[in-house]
Amino acid sequence: MGVGWPIDTKAKKIEWDEYYKKAKKFYKEERNDNGWWRALNAIKNRIKADDLCWTRDLNGNYYIGRVLDNEWRYSNDQVNKQADIVNYRNCRWYKVGEVDSVPGKVVNRFIRGGTIERVKGETIREFSKYLYNSISCEPHYQIKQVETDFYSLIHSDDCEDIVGMYLQNKGYHIIPSSCKKSTVNYEFILKHNLDGHKGVAQVKKGEVDLYFDNYTELNSKVYLFTTRGKYIGKPTAEITVIQEHEIQSFIDDNFDIMPDKVQTWMRIYNQLNNI
């Protein structure tokens with residue numbers, strides 16, 4: 001695993017002190033490149049042997065890798081310079097698959113993250129160890145039982161699907177075209193099959209807060225769900241907060257009709273709980 005930020009040198013091998021002196025002068029002092037030290041500090045100091053890391057290629061395939069030692073390296077070879085990966089660590093990689101094989105929390109770091117991002121959370125750490133053991137066919141990591149977070153495994157789209165199915169089970173029909181519109185305050189529009197009243201739903205995954213005041217002017221029923229955020233303000237009679245235990249019970253009671261991806265992550269979630 002590696003990053004760019006090359007220096008002007010013809011030497012095949014250089015020591016850290018030489019690299020740091022030249023890179024600091026060029027990237028920090030001359031170019032004011034704030035990303036340089038953040039990435040290099042991770043490569044040189046923060047990442048340790050046996051740490052697990054994720055990457056993806058240009059075709060959307062994801063890989064998991066294990067850092068093999070604690071040595072920072074610099075390569076001036078042409079292949080490294082062309083790939084802009086001159087600062088690197090030795091790593092053993094395994095192909096995992098496309099996005100539906102990767103935890104949502106990992107995928108999100110590629111969307112919003114920098115060159116190197118730490119992915120926090122016990123569930124992701126233990127899942128990554130579990131996956132590496134499975135895919136490498138070697139029990140390299142001891143996996144501990146943790147209080148796993150199912151929502152850190154699934155994607156935001158999966159979360160929306162589950163809530164949408166939950167509301168349909170309550171007698172609503174989702175209007176498909178409304179799911180494609182760029183609306184700020186809700187994901188989709190619903191109509192109830194008994195009296196045709198309108199409803200909207202907002203679903204957020206992660207530590208995203210929802211504010212009741214954003215929904216008081218809507219002429220409809222409002223259903224809100226955030227997995228790790230807070231509900232802020234005073235709700236009106238038209239606003240309903242969907243509780244996490246309600247969604248969990250719905251998944252358990254209707255497992256056979258859950259989307260394939262949700263079923264897969266639920267099985268993994270249960271395995272992690274029972275290790």
Side-chain angles (χ1 to χ4, degrees), residues 62 96-108 119-135 143-176 178-179 186-194 197 199-210 215 221-231 235 238-275:
Y62 287 79
V96 175
E98 297 182 356
V99 66
D100 58 351
S101 302
V102 183
K105 199 167 185 179
V106 172
V107 175
N108 288 343
V119 184
K120 298 180 181 179
E122 280 193 316
T123 301
I124 299 302
R125 183 177 65 245
E126 297 308 311
F127 169 76
S128 297
K129 288 156 60 175
Y130 167 84
L131 177 65
Y132 185 89
N133 284 354
S134 300
I135 205 168
I143 304 166
K144 66 179 183 178
Q145 187 173 7
V146 296
E147 189 68 28
T148 51
D149 175 14
F150 173 67
Y151 296 102
S152 69
L153 294 174
I154 66 173
H155 299 249
S156 56
D157 288 347
D158 300 327
C159 199
E160 291 174 20
D161 288 343
I162 293 169
V163 173
M165 294 175 71
Y166 167 83
L167 290 171
Q168 288 183 107
N169 195 55
K170 297 290 185 181
Y172 284 98
H173 296 290
I174 291 177
I175 300 177
S178 70
C179 305
Y186 54 85
E187 308 295 345
F188 40 76
I189 297 173
L190 313 111
K191 284 293 189 84
H192 202 275
N193 61 12
L194 292 182
H197 75 258
V200 299
Q202 176 64 292
V203 183
K204 293 297 181 183
K205 195 175 84 71
E207 296 178 359
V208 181
D209 298 335
L210 295 178
Y215 304 93
K221 293 280 190 179
V222 177
Y223 294 90
L224 303 179
F225 181 72
T226 177
T227 61
R228 289 294 172 263
K230 299 177 182 178
Y231 302 94
E238 298 298 305
I239 298 177
T240 299
V241 171
I242 303 173
Q243 301 297 328
E244 186 176 323
H245 69 85
E246 297 177 73
I247 295 297
Q248 190 60 56
S249 295
F250 174 71
I251 296 173
D252 294 338
D253 294 341
N254 298 276
F255 182 81
D256 289 342
I257 64 169
M258 287 293 112
D260 291 347
K261 287 194 297 180
V262 174
Q263 290 181 345
T264 297
W265 289 119
M266 197 66 198
R267 291 189 183 101
I268 292 171
Y269 167 79
N270 289 332
Q271 286 175 337
L272 290 174
N273 270 328
N274 295 320
I275 286 174

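With Glu187 contributing its side chain and Cys179 its backbone, the two residues share no donor-acceptor pair below 3.5 Å. Side-chain atoms of His155 never come within 3.5 Å of backbone atoms of Asp157 as a donor-acceptor pair (strictly under, hydrogens ignored). A distance-only check finds no donor-acceptor pair linking the side chain of Ser152 to the backbone of Lys105 [under 3.5 Å]. The closest donor-acceptor contact from the side chain of Thr226 to the backbone of Val208 lies under 3.5 Å. For the pair Asn270 (side chain) and Met266 (backbone), a donor-acceptor distance under 3.5 Å is present. Glu126 places a side-chain N or O within donor-acceptor distance of the main-chain N or O of Lys144, the cut-off being under 3.5 Å.
With a 6.0 Å radius and a threshold of 12 heavy atoms from other residues, nucleotides or ligands, Lys261 has its NZ atom above the threshold.
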Extract all donor-acceptor atom pairs below 3.5 Å that involve side chains of residues 248-255 and protein atoms in other chains or at least two apart in sequence.
{"residue": "Gln248", "atom": "NE2", "partner": "Asp252", "partner atom": "OD1", "Å": "3.2"}
{"residue": "Ser249", "atom": "OG", "partner": "His245", "partner atom": "O", "Å": "3.0"}
{"residue": "Asn254", "atom": "ND2", "partner": "Phe250", "partner atom": "O", "Å": "2.9"}

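Two rings, from His197 and Tyr172, have their centers less than 6.0 Å apart.
With contacts defined as side-chain heavy-atom distances shorter than 4.5 Å, the pair Leu153/Asp149 does not qualify.
Across Thr227, Leu224, Leu210, a single residue satisfies side-chain contact (heavy atoms from CB on, under 4.5 Å) together with Lys204, and that is Leu210.
In this structure, Ile268 CD1 and Phe127 CZ are separated by 4.5 Å, a value rounded to the nearest 0.5 Å.
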